[in-house]
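Before any comments, here is the structure.
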Amino acid sequence: MSPRGARARRANGKKYATWLAAGVVVLGGTAVTAAASAGGEGAGPGDGTRSAKAHALALDGKDPKRRALPRTGTPTFSLVGVSWEDSGDTFEGTAQIRTRDAATGEWSEWHDLDFDIRAPESTEGEEPEVRGASEPLWVGPSDGVEARVVADGEETAVPEALRLDMIDPGETVKGKDKGKDNGGTQGSGKGDAEPPTSGAPTGPAPGAVPAQEPTGPAATTIPTAPTAPAVVSRAGWGADESLVQDPPSYLNEVDAVFVHHTAGTNDYTCADSPAVIRAILTYHVRTNGWNDVGYNFFVDKCGTVFEGRAGGVDRPVLGAHTYGFNSYSSGVSLLGDYENGGTPAAAARQAIADLAAWKLGLHGVDPEAEVALTAAADTGVWKKGQVATLNTISGHRDGYATLCPGATLYSALPGIRTTAGASPYAIGN
């Protein structure tokens, strides 16, 4: 049992503690928002920074199949989603939200929330505080929300303890996130949130060949790890490490890379990318109840690569991104929606190809090959125990029943594989 799970069980699994962690105060059976800093205090140590915060509103009602929240003022937030008590209760209904722009006071159109998240099939997904949830939606700074949730089709009721989760990503560097914004039309592959790391080795992966220069007669027979592409570290995008309570887990090797999109919207600037990632981290921990952000890497539309789940970019860190296949793979998510009209920029495609080529090359895997992997759970595409033949660079939908990574990004994957095979970061190139 993990320390986090042990702490929760010692508290007898009281829901009240979970609600407090999510920033909810219960008054007479109705939940109201209360500021809850992701890392404790709302402000940094006198340096002009502000920690991320989570807020929540209960979606109560008498109709078992429907919940609605009228237009309601809220503390400022930039990312929103819907969650419920039982992570095993998959919801196939519909949820829509609209938000009020904090700067202009204008209300947005209705936006659909996607229900493609599954708690990981590892022990992380079995913790008592893990909740079911929608994908989060980035909406930018907002101070009001309206919501409607309907159980459709075979659904007979909305899930229990349904609530609206809102995340304020906070601020870094005296109120401003550093980042390159060129509208996604050009891409250097290098953001300036912090000088990107080049692998930032934290020690060899289990069974990996050390990357130092070999000496002696055997030097010509020992492969060296390929050079790493530039990666903005967690410190570079302002990760709150106090959120992560358990140490990372590691795979034996990375056999495949699954490509995702964060969905929601493409209406972000590349200067916003660190804030978007901080908000997703906070949502995955405070809302979903996971130990860390689910993806191993993020890429934005300018082609900047960001470190995701902690544990070492050059190591085979176990993530929470592709239900049924997490134990074989690394997950990279492109910020934006590529199902509803968005098109991945050339810089983003190149960055995904280079990253995948490097990550697979660390384990001697050809980015243009196929691999046979055994599904660890029923995914809607594969049955538990079924052997799936997949590309070593696959889309989320290849492993799990989802539209992710969106139609246009999925259709770009063949080209990304070819680019990865020719990438200077691929092993042998």
Side-chain angles (χ1 to χ4, degrees), residues 1-9 13 18 21 83-90 115-133 135 202 205-207 234 239 241 243-260 280-298 307-313 315-333 359 363 371-388 390 394 396-402 404:
M1 182 186 302
S2 73
R4 186 162 58 98
R7 283 193 295 274
R9 285 172 172 80
T18 302
S83 71
W84 55 90
E85 184 176 43
D86 185 359
S87 66
D89 185 3
T90 57
F115 293 98
D116 290 340
I117 288 185
R118 285 293 301 271
E121 69 276 19
S122 63
T123 56
E124 180 180 356
E126 299 172 357
E127 297 288 357
E129 61 268 38
V130 172
R131 294 175 63 85
E135 294 280 3
T202 56
R234 286 169 65 93
E241 301 298 358
L243 285 171
V244 182
Q245 298 185 36
D246 291 346
S249 298
Y250 294 94
L251 317 177
N252 290 325
E253 60 184 11
V254 173
D255 297 302
V257 168
F258 283 96
V259 177
H260 305 254
I280 294 173
L281 164 63
T282 307
Y283 187 87
H284 281 182
V285 175
R286 290 296 193 192
T287 298
N288 293 21
W290 301 350
N291 185 55
D292 197 350
V293 69
Y295 306 112
N296 298 98
F297 298 92
F298 292 91
E307 179 181 10
R309 179 163 287 215
V313 294
R315 302 190 66 185
V317 178
L318 173 63
H321 52 84
T322 307
Y323 185 71
F325 296 94
N326 287 307
S327 58
Y328 309 106
S329 61
S330 186
V332 53
S333 191
K359 192 66 179 179
H363 302 273
V371 62
L373 304 175
T374 302
D378 293 345
T379 71
V381 177
W382 309 97
K383 294 291 186 181
K384 182 178 180 179
Q386 188 175 3
V387 177
L390 301 167
S394 282
H396 187 186
R397 65 174 66 179
D398 292 320
Y400 181 73
T402 175
C404 181

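All of these numbers come straight from a predicted model, not from anything done at the bench.
At a threshold of 4.5 Å between non-hydrogen side-chain atoms, the residues Y328 and T374 count as touching. Contact of the T90 side chain with the R118 side chain is registered, since non-hydrogen atoms from C-beta on lie closer than 4.5 Å. Using a 4.5 Å heavy-atom cutoff, the side chains of Y250 and L318 are not in contact. Using a 4.5 Å heavy-atom threshold, the side chains of L243 and R286 count as touching. Within the 4.5 Å cutoff, no side-chain heavy atoms of F325 are placed close to those of D398.
S329 OG to H321 NE2: the interatomic distance, rounded to the nearest 0.5 Å, is 4.0 Å. Atom CG of D246 and atom CD of E124 lie 8.0 Å apart (nearest 0.5 Å). To the nearest 0.5 Å, atom NE2 of residue H396 and atom OG1 of residue T379 are 8.5 Å apart. To the nearest 0.5 Å, atom OG of residue S83 and atom CZ of residue R131 are 3.5 Å apart. Here the CG-OG distance, from D292 to S249, works out to 11.0 Å after rounding to the nearest 0.5 Å. Here the straight-line distance linking atom CG of N326 with atom CG of N296 works out to 8.5 Å at 0.5 Å rounding.
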For T322 and H260: C-alpha separation, side-chain torsions, deciding distance, then whether side chain to side chain donor-acceptor pair (under 3.5 Å) applies.
CA-CA 9 Å; T322 307; H260 305 254; 3.2 Å; yes
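Judged by distance alone, the side chain of H363 and the main-chain N or O of E253 form no donor-acceptor pair under 3.5 Å. In this structure, W84 contributes its side chain and D89 its backbone to a donor-acceptor pair below 3.5 Å.
Below 30°, between 30° and 60°, or above 60°: for H284 and Y295 the angle between ring planes is between 30° and 60°, a tilted geometry.
When every heavy atom of D378 is checked against every heavy atom of Y323, the shortest pair comes out as O-CE2, 3.3 Å. For F258 against L390, the heavy-atom pair with the smallest separation is CZ-CD1, 3.8 Å.
Under the rule for a side-chain hydrogen bond (donor to acceptor under 3.5 Å, both in side chains), the partners of D116 that lie at least two apart in sequence or sit in another chain are T402.
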